[in-house]
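Note that this is a predicted model, so its numbers are computed, not measured.
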Amino acid sequence: MGERNPGSLICVHCQKTWHTHKSLEMPARLSGRSRPLSNAEISTRKKTFAEVQTERLDQAERTVLIKCPSKLNEKKLLQYLSSHGNVTSHFFFENRGISALIEFSEKSSIASLQDAVGIPGASEHHVVPFKSRLFTFTLKNPVSQHVEETPLHLFPQCHIPVKDLIQKLCLADSISSQMYILLNEYQLTEENIKLRFLACSLVRDFACAYFPDSTVKPFGSSVNTFGQLGSDVDMFLDFHGTGKHATKMQKGPFDMEYQMKRLPSERLATQRILSVIGDCLDNFGPGCVNVQKILNARCPLVKFSHQPTGFHCDLSVSNSIAIRSSELLYIYGCLDSRVRALVFTIRCWARVHGLTNSAPGTWITNFSLTMMVMFFLQRRSPPIIPTLDQLKELADEKDKHVIGGYDCSFVSDLRKIKPTKNTETLDVLLSEFFEYFGHFDFRKNSINLRKGKEVNKPESSPLYIWNPFEQDLNISKNVNQPQLEKFVAMARESAWILQKEDKTQQMIDKEPWGLAALLIPFGKSNSRKTKNRMKGIGSETIKSLLDSLKLNNANSQQKAVGK
């Protein structure tokens with residue numbers, strides 16, 4: 001496999017080349033292509049969410065993971081593996097040593113390889129016999145074997161540090177190009193996605209011992225086109241295939257059904273299933289460590305580290321609404337190249353300034369930030385992406401989904417969605433995003449992606465973002481007032497920087513400019529420059545924060561009087 005083109009606009013999730021308007025195309029040196037794709041070419045590459053997941057899961061079941069010796073002859077390894085079947089693709093990566101992901105064209109090749117592999121000796125520790133798809137290869141006579149001096153190409157499984165990213169961004173010729181560079185450095189690679197689906201498939205091998213018709217699938221950022229290198233893998237145990245047997249065996253004089261354990265609630269069943277799978281992974285799963293069973297959470301789950309792939313994993317049981325959310329974001333991410341570029345930029349900006357955190361807390365989550373970007377894009381004139389209600393109008397019978405009383409219907413075929421006529425460039429959208437939310441009336445209005453409109457808040461939470469499907473839930477309920485005010489202040493300062501900076505002079509002075517300037521924590525860059533910034537925005541930001549504090553105090557006094 002060749003090295004990834006850092007400027008290509010290929011979606012590794014659906015394997016389609018991103019469609020951009022002619023006026024929005026990246027510079028030739030970044031785009032990797034000389035002409036825009038025709039509408040026919042674009043349409044043939046738009047795969048549905050379900051089609052992509054099915055293909056990926058099938059790939060994973062034909063894949064093995066091999067821990068390799070430090071000095072390896074790649075050609076000889078592939079020759080040996082090819083004796084068991086055709087190798088469709090492979091790549092090497094570093095994770096506690098060198099590992100290789102090997103994809104065969106047939107599942108039978110894995111059985112052939114397993115039959116040729118020995119069980120580790122039990123001289124020091126007793127091993128649990130389990131024929132997994134994780135192997136360790138060693139050289140029989142490493143001294144006598146001649147190893148060609150051809151270093152392996154290792155595919156990175158995490159993104160570059162921000163300081164290195166800033167250096168790359170300074171070499172671009174526009175803010176739009178900078179945002180595409182950030183996207184391509186941070187987004188999941190083809191190799192990383194394969195590794196994520198393999199992790200799910202390896203967990204499925206254990207789950208099938210108890211539940212033969214079950215599957216384990218990734219959801220969330222691993223599949224919604226907004227995943228970032230280094231992020232956790234959310235996976236769920238799916239039993240929907242079991243229900244297909246319900247209508248079978250109905251012919252003849254008898255009705256037949258399985259005898260099954262009956263429990264008083266779905267939640268209890270979920271807890272017991274996860275408890276058993278968690279114990280199984282903890283006791284017998286190769287490379288599964290730090291297993292934690294969090295069964296009393298709102299959504300029970302098992303957390304663990306999967307050492308062979310290097311991922312931190314969260315395993316839950318079928319969450320149909322979460323899957324629908326993943327598919328909705330997948331559709332938005334596939335509609336226009338600017339959507340993902342803007343989301344990745346805002347997320348990176350938020351992390352640099354301490355607005356988000358990987359640990360739970362009172363700060364804005366990446367999911368909430370993504371929803372804010374989607375809402376902003378719905379509010380453009382003309383809109384860049386449709387509202388959820390508009391997607392529902394395009395749905396046909398197979399797209400109808402009602403889950404737990406909630407209407408989760410929307411179109412799945414991307415070809416039915418008309419492309420936007422909006423031609424705004426990414427640099428305009430970035431500046432306008434900061435302007436929009438820097439002056440958004442959070443005290444009064446909430447964010448509703450189903451309607452694509454600002455609506456009155458149904459409750460007094462500082463930030464209210466409607467769950468797209470469970471409309472009685474606020475996905476940003478955790479965010480407190482100080483964190484929201486910090487977000488507003490940072491948005492206003494970022495808008496001011498983009499409006500006031502002199503790109504040409506900054507390039508002459510070799511100072512970070514554009515997006516690069518926004519990814520340096522405010523106050524840590526040139527002190528003179530910081531003072532000038534603060535002069536421009538200080539009075540307005542401080543006045544806004546004081547007004548907000550006055551409003552909070554007034555509300556508190558009114559509540560006290562009411563008591």
Side-chain angles (χ1 to χ4, degrees), residues 57 60-67 95-96 99 101 107 110-111 113-114 117-120 122 124-136 195-220 222 232-243 245 258-319 322-323:
L57 289 168
E61 290 187 2
R62 294 182 276 104
T63 300
V64 300
L65 195 61
I66 300 173
K67 188 174 182 180
N95 172 44
R96 303 164 66 89
S99 294
L101 181 145
K107 287 178 68 174
I110 296 177
L113 181 61
Q114 287 173 327
V117 173
I119 293 177
E124 295 183 11
H125 302 93
H126 186 75
V127 297
V128 178
F130 174 67
K131 294 175 74 172
S132 74
R133 286 178 283 147
L134 298 168
F135 305 103
T136 299
L195 203 55
R196 288 168 182 267
F197 275 85
L198 176 60
C200 293
S201 185
L202 293 172
V203 173
R204 177 185 181 270
D205 289 346
F206 279 95
C208 283
Y210 293 94
F211 313 105
D213 291 324
S214 65
T215 58
V216 176
K217 302 175 182 177
F219 70 98
S222 293
D232 295 350
V233 177
D234 294 314
M235 57 180 75
F236 72 99
L237 191 61
D238 188 13
F239 297 103
H240 286 172
T242 309
H245 296 295
Y258 289 107
Q259 292 186 24
M260 293 184 174
K261 185 80 172 181
R262 299 181 186 274
L263 296 171
S265 70
E266 182 181 2
R267 179 175 176 82
L268 181 59
T270 295
Q271 290 172 326
R272 290 193 179 179
I273 289 167
L274 287 175
S275 181
V276 169
I277 298 298
D279 286 340
C280 187
L281 292 174
D282 195 15
N283 291 308
F284 309 124
C288 294
V289 300
N290 303 323
V291 179
Q292 294 176 277
K293 297 188 292 184
I294 307 174
L295 304 180
N296 292 321
R298 179 176 175 267
C299 179
L301 75 155
V302 173
K303 298 177 75 73
F304 63 96
S305 295
H306 192 252
Q307 287 183 336
T309 57
F311 293 125
H312 294 290
C313 305
D314 289 351
L315 173 66
S316 55
V317 173
S318 300
N319 186 339
I323 307 309

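When side chains are defined from C-beta on, N319 counts as touching C299, because their heavy atoms get closer than 4.5 Å. Between C280 and Y210, some side-chain heavy-atom pair lies under the 4.5 Å cut-off. Between P218 and R196 the shortest side-chain heavy-atom distance does not fall below 4.5 Å. Put simply, the side chain of F211 reaches to within 4.5 Å of the side chain of I273, judged on heavy atoms. Within the 4.5 Å cutoff, the side chain of V233 has no heavy atoms near those of the H306 side chain.
S305 approaches N290 most closely through the heavy-atom pair OG-ND2, 3.9 Å. Smallest separation of non-hydrogen atoms from K293 and L274: CD-O, 4.2 Å.
Here the straight-line distance linking atom NE2 of H312 with atom CZ of F304 works out to 11.5 Å at 0.5 Å rounding. Annotation: the span from Q271 atom CD to N296 atom CG amounts to 5.5 Å, rounded to 0.5 Å. Going from atom OG of S99 over to atom CG of L134 covers 9.5 Å, rounded to the nearest 0.5 Å. Taking CG of L202 as the start and SG of C288 as the end, the distance is 8.5 Å to the nearest 0.5 Å. To the nearest 0.5 angstrom, F239 atom CZ is 10.0 Å from D213 atom CG. The CG atom of D234 sits 4.5 Å away from atom CZ of F219, with the distance rounded to the nearest 0.5 Å.
Annotation: salt bridge (charged side-chain N to carboxylate O under 4.0 Å, His left out) contacts involving residues 201-210, sequence neighbours excluded, comprise E61-R204, R133-D205. Residue pairs meeting the side chain to side chain donor-acceptor pair (under 3.5 Å) criterion with at least one member in residues 259-268, sequence neighbours excluded, do not occur.
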Q. Between L113 and F135, is a side chain to side chain contact (heavy atoms under 4.5 Å, CB included) present by the stated rule, with each step listed?
A. CA-CA 10 Å; L113 181 61; F135 305 103; 3.7 Å; yes

Q. After noting the C-alpha distance and the side-chain angles of F206 and V216, does the key distance pass the side chain to side chain contact (heavy atoms under 4.5 Å, CB included) rule?
A. CA-CA 10 Å; F206 279 95; V216 176; over 6 Å; no

Q: Carefully, step by step, assess Q114 and I110 under the rule side chain to side chain contact (heavy atoms under 4.5 Å, CB included).
A: CA-CA 6 Å; Q114 287 173 327; I110 296 177; 3.9 Å; yes

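Of the residues listed (V203, V64, L101), the one engaging L198 in a side chain to side chain contact (heavy atoms under 4.5 Å, CB included) is L101, and it is the only one. In summary, of the residues considered (V302, D282, L315), a side chain to side chain contact (heavy atoms under 4.5 Å, CB included) with I277 occurs for L315 alone.
Looking only at distances, a side-chain donor or acceptor of N283 sits under 3.5 Å from a matching main-chain atom of D279. The main-chain N or O of L237 is found under 3.5 Å from a side-chain atom of S318 such that the two form a donor-acceptor pair. Within the 3.5 Å criterion, the main-chain N or O of P308 finds a donor-acceptor partner in the side chain of N95.
Residues meeting the salt bridge (Lys or Arg N to Asp or Glu O under 4.0 Å) test with K67, sequence neighbours left out: none.
Using a 4.0 Å cut-off between charged side-chain N and carboxylate O, D232 and K303 make no salt bridge.
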